[in-house]
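Nothing here was measured: the structure is a model prediction, and the numbers come from that model. The figures here come from the full heavy-atom set of this structure, side chains too, leaving out hydrogens, waters and symmetry mates.
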There are 2 protein chains.
Amino acid sequence: MAGLTAPLLGLQKKSLREQALSALRTAITSGELEPGRHLVETELSEMLQISRGTLREALRQLEQEGLVSAGPRGRLSVRHLDEKEIRDIYAVRAALESLAARTLCELPERQHVTESLHRAIDVMTAATSGSLEERIESDLEFHRTLCRLTGNETLLHSWESLEGSIRMSIMFAGLEKGVSNMSVDRHRDIVTAIDTGDAALARKTILEHMDTAAANLVS
Amino acid sequence: MAGLTAPLLGLQKKSLREQALSALRTAITSGELEPGRHLVETELSEMLQISRGTLREALRQLEQEGLVSAGPRGRLSVRHLDEKEIRDIYAVRAALESLAARTLCELPERQHVTESLHRAIDVMTAATSGSLEERIESDLEFHRTLCRLTGNETLLHSWESLEGSIRMSIMFAGLEKGVSNMSVDRHRDIVTAIDTGDAALARKTILEHMDTAAANLVS
DNA sequence: CTACGACCGACTGTAAACAGTCGACTTACG
DNA sequence: CGTAAGTCGACTGTTTACAGTCGGTCGTAG
């Protein structure tokens, strides 16, 4: 828990609020702040060396992202996910990413898209020999790229709002299970489907990928 | 603009932050705070009769919902939507609601669902003779109900995060255009499709509805 | 007339203090 | 011994005050 302050003392480019946000996100999705844990404002603000006001702004955003949940009298605690919630999260994720895949198929200029996705896959490939965290990171980056390339800012924003919940799902289910979803081949299939421009196929590929992923997590 | 304080002085059950949030949401989606308008914290806090700290928490959430956008040095202004953004918002909305329709079709116990949706349609029907605002309200309530009935909290939350943007789309395009999408019959079709349990049909019906709606808004 | 520089005002970022509320523990009374 | 009132402590809700920064303006020198 002492490490919580470190990220803050580092690069001072962003506002304290954003730094606190990142630090808290990391602390929660890494399990440093375990699910169900009660978050006391005074405690956290002291840990992060920031004032309560600044901290509260960050907490609001975390609440919106679904990483912390509010109890009675505004008491916040780290959200705890059950299996149904994980399935629900992945259902929404599937809906968003299938839209992304469909959109990309309809793009007139797909050369650049395919290139970017291949680069993302290369990163994933390089990470296969790395740590679990690295593999998860590269996987999420691939999917985020999928959404970003559509040029639909709303879609990207919605996906990013869900990202925290996705990370919690993986963490809650266990990193090993989570990583089992990150086969490079499966992702290559997605890119191939998009490359052909077959929207129905691309959508189907994504939906199956998400289905498998969710099933692996809750099994 | 003077009316901005009224909602706050009313029911004092919710926290000031939540009241400010509602008041600002209403002010923005009603056009009282026009798109592009620069939001000065001291100005707003004085208007709403709350402190800046409390206000800032509300503004963070509005930012997350896409109703206000951040400029350089944290300057906030009311978001301005162009036609592409409206199309993008409706694409995401369509993805979410088609998931909702599909999910509802797969529910074993659809009796209660159908009843609730019919009630929502009755409200819409009653609103046909009402004001534009009432009609919009009842329409959104129908679609929100669609998401709520799935029992997927994440889906509902994602939809609600988008709700502000949807309202802005309607307002930006003009209330008349927006209301043209609110044919009771079209919505009855959706319920019918769900009632039959045909997921593919329900999905298709929703997607077409959203497509038409978006087209009407940007035309 | 123009260009440069110091001041000034407006806002946001951040911190610290104040107030209210709920729960837990204690104590006194039956 | 059990119960109910009272008190204490811990947190959140909210406000007020302070600091830093950017942009504009006014004056002066070239």
Would you say A:His38 places a side-chain N or O within less than 4.0 Å of OP1 or OP2 belonging to D:dT12?
yes
If the plane angle is over 60° it's perpendicular, under 30° parallel, otherwise tilted; pick one for B:His143 and B:His209.
parallel
Terminal axis angle for the helix from C:dC1-D:dG30 to C:dG30-D:dC1, five pairs an end, nearest 10 degrees
10°
Under the 3.5 angstrom rule, does the side chain of A:Arg110 hit a backbone N or O of A:Leu107 as a donor-acceptor pair?
yes
Have a look at A:Gly74 and say if it touches a base, only the backbone sugar-phosphate, or nothing, with a 4.0 Å heavy-atom cut-off.
sugar-phosphate
Indicate, with a heavy-atom threshold strictly under 4.0 Å, whether B:Leu39 touches base, sugar-phosphate, or nothing.
sugar-phosphate
Rounded to whole Å, the CZ-C1' distance (B:Arg56 to D:dT15) equals 14 Å
Is the phosphate of D:dT15, meaning OP1 or OP2, less than 4.0 Å from a side-chain N or O of B:Thr54?
yes
Looking at B:Leu39, B:Thr29, B:Val68, B:Leu55, which one forms a side-chain contact (heavy atoms from CB on, under 4.5 Å) with B:Leu24?
B:Leu55
Would you kindly give the CD-to-P distance between B:Gln49 and D:dT16, to the nearest whole Å?
11 Å
Would a distance-only check, ignoring hydrogens and angles, find a side-chain to backbone donor-acceptor pair under 3.5 Å from A:Asn152 to B:Asp88?
yes
Could you say whether B:Glu57 or B:Arg52 is positioned toward the 5' end of DNA chain D, judged by the nucleotide with the nearest heavy atom to each?
B:Glu57
Quick one: is B:Ser51 getting a side-chain N or O under 4.0 Å of the D:dT14 phosphate, OP1 or OP2?
no
Determine whether a donor-acceptor pair (N or O, by modelled atom type, separation under 3.5 Å) exists between the side chain of B:Thr150 and the backbone of B:Leu146.
no
Contact summary for A:Ile89 and A:Ser165, nearest pair of heavy atoms:
CD1-CB, 3.6 Å
Length of the line joining A:Arg17:CZ and C:dA15:P, which is rounded to integer Å
13 Å
Whole-Å distance separating the CZ atom of A:Arg73 from the P atom of D:dT14:
14 Å
Is any side-chain N of the basic residue among B:Glu153 and A:Arg87 closer than 4.0 Å to the acidic one's carboxylate O?
no
How many Å lie between CG on B:Leu76 and C1' on C:dT12, as a whole number?
10 Å
Measure from the side-chain heavy atoms of B:Leu16 and tell me the nearest of D:dG13, C:dC11, D:dT14.
D:dT14
Take the protein atom NZ of B:Lys14 and the nucleotide atom P of D:dT12, then report the distance between them rounded to whole Å.
21 Å
Round to a whole Å and report the spacing from CD1 of B:Ile50 to P of D:dT15.
7 Å
Rounded to whole Å, how long is the line connecting atom CD of A:Glu63 with atom P of D:dG13?
9 Å
